[in-house]
**Student:** 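Here you go, one structure.
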Amino acid sequence: MLNRNKHISQVVVTAAQMRDIEARIFAAGMPVSALMEKVAGLIAKRIQEIWEPSNHVGILTGPGHNGGDGLVVARELHFRGYDVWIYLPFDKLKELTSQHLQYAQSLGIPCYQEIEQLPDCDFLVDGLFGFGLEREITDPIASVINQLNEWNKPIISIDLPSGLHTDTGEVLGTAIRANYTLCLGLWKQGLLQDQALDYIGKAELIDFDIPWADVQAVLGDVPKVKRITPTTALSTLPLPRPPVTHKYKEGHLLLICGSRRYAGGAILTALGARGSGVGMLSIAVPESLKQLLVSHLPEALVIGCPETETGAIAQLQLPENTNLSSFSAIACGPGLTKDAISIVQEVLASDRPLVLDADGLNILAQLGTILTLQQRQAATVLTPHTGEFHRLFPDIADAKGDRVKAVQEAAAQSGAVVLLKGARTAIANPQGSVWINPESTPALARGGSGDVLTGLLGGLLAQAVNKAIPVEDIVATAAWWHGQAGILAASERTELGVDAFTLSQYLLKVIVGRS
Ligand SMILES: NC(=O)C1=CN([C@@H]2O[C@H](COP(=O)(O)OP(=O)(O)OC[C@H]3O[C@@H](n4cnc5c(N)ncnc54)[C@H](O)[C@@H]3O)[C@@H](O)[C@H]2O)[C@H](O)CC1
Ligand SMILES: [K+]
C-alpha cells in the first residue's frame, strides 16, 4: 500500500486510460453506483472543508456521470445543512444520473432548467462534463457557461473544468473557469497542459483507492507520463555524498557560454552550475569576459578563449593536455550569439553528455536538428522554450497545444531528451516517457532564469555521469529544483522579486532539510 500511495500522485492518464482503468474496477465487481457514491462522498467531504454549511450552493449538472457525481454531492450537502439548488438543462440523462436526480427532487431540492431561474448562491459545483466530453460545447450550454463565468462566483469543478479536453487541456468551445478542480482518482493529462491553466484554479487529487494493479494493467509497470513529485526529484539528487570523495569524483562540468554582448548570461549559467554542487566547474568564455567570471566565481576554472570581432567565442582553447573528453558533461549556449557556430559543431561532435540551450539551440536548428543529432552517441538534452522549439522542430505543430505530444515527438525524432519550457515544463525521452513539472511560478518569466536552469542541469548531469540514473530523471530533477527555487523566492519576495541572480541564490534553500 505504501508503494501505491507514494506513486499514485505521479500517474497521469488520458480519458481512454481512465475509462479502461474504471472498466477493470467494474468488471471486478464494483457496482458503478457504489463507486459514484464513494467518489461523490469524498467530493462532498472536501467541499465542506473548503466552504462551511451556511452557504447557498448551486449544482451544475450534466447528462453523464459527472452530473451523477454532482447530484450525489447535492444530496449530501443538503443533508449537511447547505441551501442547495440544482441546474440541469439536459433532458436525456444516463440512467444512474436520472435516478439521483429523482431522489434529490424527492427530498425537495429545487431543480431549474433555465439559467435565468437560478437563485443567488455563494458558490457553484461544476458537474456538467468530466472525462466524457467528446466534442465542442455548443449553445445553449456554451452561452450558459460563458454567463456563469461572468458571475464571478467561486466554482469547484468535479474531475475537470467542464469544456476542457481531458488529454490536451484544449478549450472545446468554452470552459468553466474554476477556482478549484477536484481531479478524481488519477491526474488527467489535460490538467498539466499550459493551455488549461487559466481554467483550473487550485487543482487537487481526490484519491478513491484505485488498485495499483489496475493502474499497472492499463499503463504498464511504469506509467509513460508522470508528474514530477518531491519524492522523485529528491531521489536523484547527488546526496548524501560518500564520506571519501574528491572534487573530480563529484563531476567536472564544462560551461561554454557568453559573449561580449551577453556577459551576464555566462555569470547566471555559472551560478546555476554552482548551485548544483558540482565538484569542478570550468567555464569557457571569450577572453574579454575572463576576469569578470573569475570575480564572480573564484572557485571556477575560467578559460579565456580567442574571440571574433563581434566578441563571440572564436575557438575553444582548452588548457594543456585537456580536450572535451576530459569533462563529465558539457552545457553550451547561453549568451553565445549566432557567431559561435563552429563551437557548437565541436561540442556536438564530442562524446560527452551535452546540454544545449539558447543560441546553442538556434545554431543547432540552423545546422539541421535531426540530421546533426543523428551523428551523436552520447546523451543530448535540449532545453527550448516554445520559440526555440519551433525553430528546432518546424514540422511539429502544437507546442502551444498538446505539449505532451509535441515534446514526445521531438524527443523521438531527435533521439535527444527534450525539455519544453513552460508554466508546466514537459520533458520527454526518445522512448516516449514524459515527466511534467506540475508546479511553477510566473515569477520565473524573466530574462536569465533559463540560464540558471542550464547551469543547474549541466551540474547535475556531470554529477550523475557514473550513476545508472536515466538522463530524463536528472532533467526532471533540475526542472523541479529550478521551479521550487522560484516558488520559494516568490513566497518571500513576491513574484516581482525573483530576478535570475536571486533565483540562483535560492536553489540550495529548496533542498536544505529535504534531502
Ligand atoms: N465511469 C464511472 O462510472 C465513474 C465516473 N466518474 C465521473 O463520471 C465522469 C465521466 O462520466 P461520463 O458519463 O463518461 O461522461 P461525462 O459525465 O463527462 O459527460 C459526458 C456526457 O455528456 C455528453 N457530452 C459529451 N460532450 C458533449 C458536448 N460537447 N455537449 C453536450 N453533451 C456532451 C456525453 O454523451 C456524455 O453522456 C467522470 O469525469 C467523473 O466525474 C465517477 O466519479 C467515478 C465513476
Ligand atoms: K466538471
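Ligands are counted one by one from 1 in listed order, and the atoms in each one are counted from 1 as well. Any value given below was found using the heavy atoms of this structure, including those in side chains, with hydrogens, waters and symmetry copies removed.
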**Student:** Between S235 and T232, is any side-chain donor less than 3.5 angstrom from a side-chain acceptor?
**Tutor:** no

**Student:** For ligand 1, output the ligand-protein N/O contacts shorter than 3.5 angstrom; if there are none, return none.
**Tutor:**
residue, atom, partner, partner atom, Å
ligand 1, 1 (N), E22, OE1, 2.4
ligand 1, 3 (O), H65, ND1, 3.3
ligand 1, 8 (O), N66, N, 3.3
ligand 1, 13 (O), H65, N, 2.8
ligand 1, 13 (O), K94, NZ, 2.8
ligand 1, 17 (O), H65, N, 3.1
ligand 1, 17 (O), N66, N, 2.7
ligand 1, 18 (O), G130, N, 2.5
ligand 1, 18 (O), G132, N, 2.9
ligand 1, 26 (N), E134, N, 3.2
ligand 1, 29 (N), R135, O, 2.9
ligand 1, 29 (N), E136, O, 3.0
ligand 1, 39 (O), F131, N, 3.0
ligand 1, 39 (O), D159, OD2, 2.7
ligand 1, 41 (O), N66, ND2, 2.7
ligand 1, 41 (O), D69, OD2, 2.8
ligand 1, 43 (O), D69, OD1, 3.4
ligand 1, 43 (O), D69, OD2, 2.7

**Student:** Rounded to 10 degrees, what angle sits at the K ion (ligand 2) between N66 OD1 and L160 O?
**Tutor:** 140°

**Student:** Return yes when at least one N/O/S atom of F129 is nearer than 3.4 Å to the K ion (ligand 2), and no when none is.
**Tutor:** yes

**Student:** Using only atom types and a distance under 3.5 Å, with no angle test, would you say the side chain of T441 pairs donor to acceptor with the backbone of I487?
**Tutor:** no

**Student:** Donor-acceptor pair, distance only, cut-off 3.5 Å: does the side chain of R177 make one with the backbone of N146?
**Tutor:** no

**Student:** Backbone or side chain, does P161 get an N/O/S atom under 3.4 Å to the K ion (ligand 2)?
**Tutor:** no

**Student:** Strictly under 3.4 Å, is any N, O or S atom of D126 next to the K ion (ligand 2)?
**Tutor:** yes

**Student:** For V11 and V13: C-alpha separation, side-chain torsions, deciding distance, then whether side-chain contact (heavy atoms from CB on, under 4.5 Å) applies.
**Tutor:** CA-CA 7 Å; V11 178; V13 290; 4.0 Å; yes

**Student:** Pairing donors with acceptors under 3.5 angstrom, does anything connect the side chains of E170 and Q195?
**Tutor:** no

**Student:** Is L128 close enough to the K ion (ligand 2) that one of its N, O or S atoms comes in under 3.4 Å?
**Tutor:** no

**Student:** From I141 CD1 over to I115 CD1, what is the distance, rounded to the nearest 0.5 angstrom?
**Tutor:** 9.0 Å

**Student:** Return the CG to CG distance between N55 and L77, rounded to the nearest 0.5 Å.
**Tutor:** 10.0 Å

**Student:** Examine the side chains of N437 and R424 and answer whether a donor and an acceptor come within less than 3.5 Å of each other.
**Tutor:** no

**Student:** Is there a donor in the side chain of W435 and an acceptor in the side chain of N429, or the other way round, less than 3.5 Å apart?
**Tutor:** no

**Student:** So that I can check it, does any N, O or S atom in S162 come closer than 3.4 Å to the K ion (ligand 2)?
**Tutor:** yes

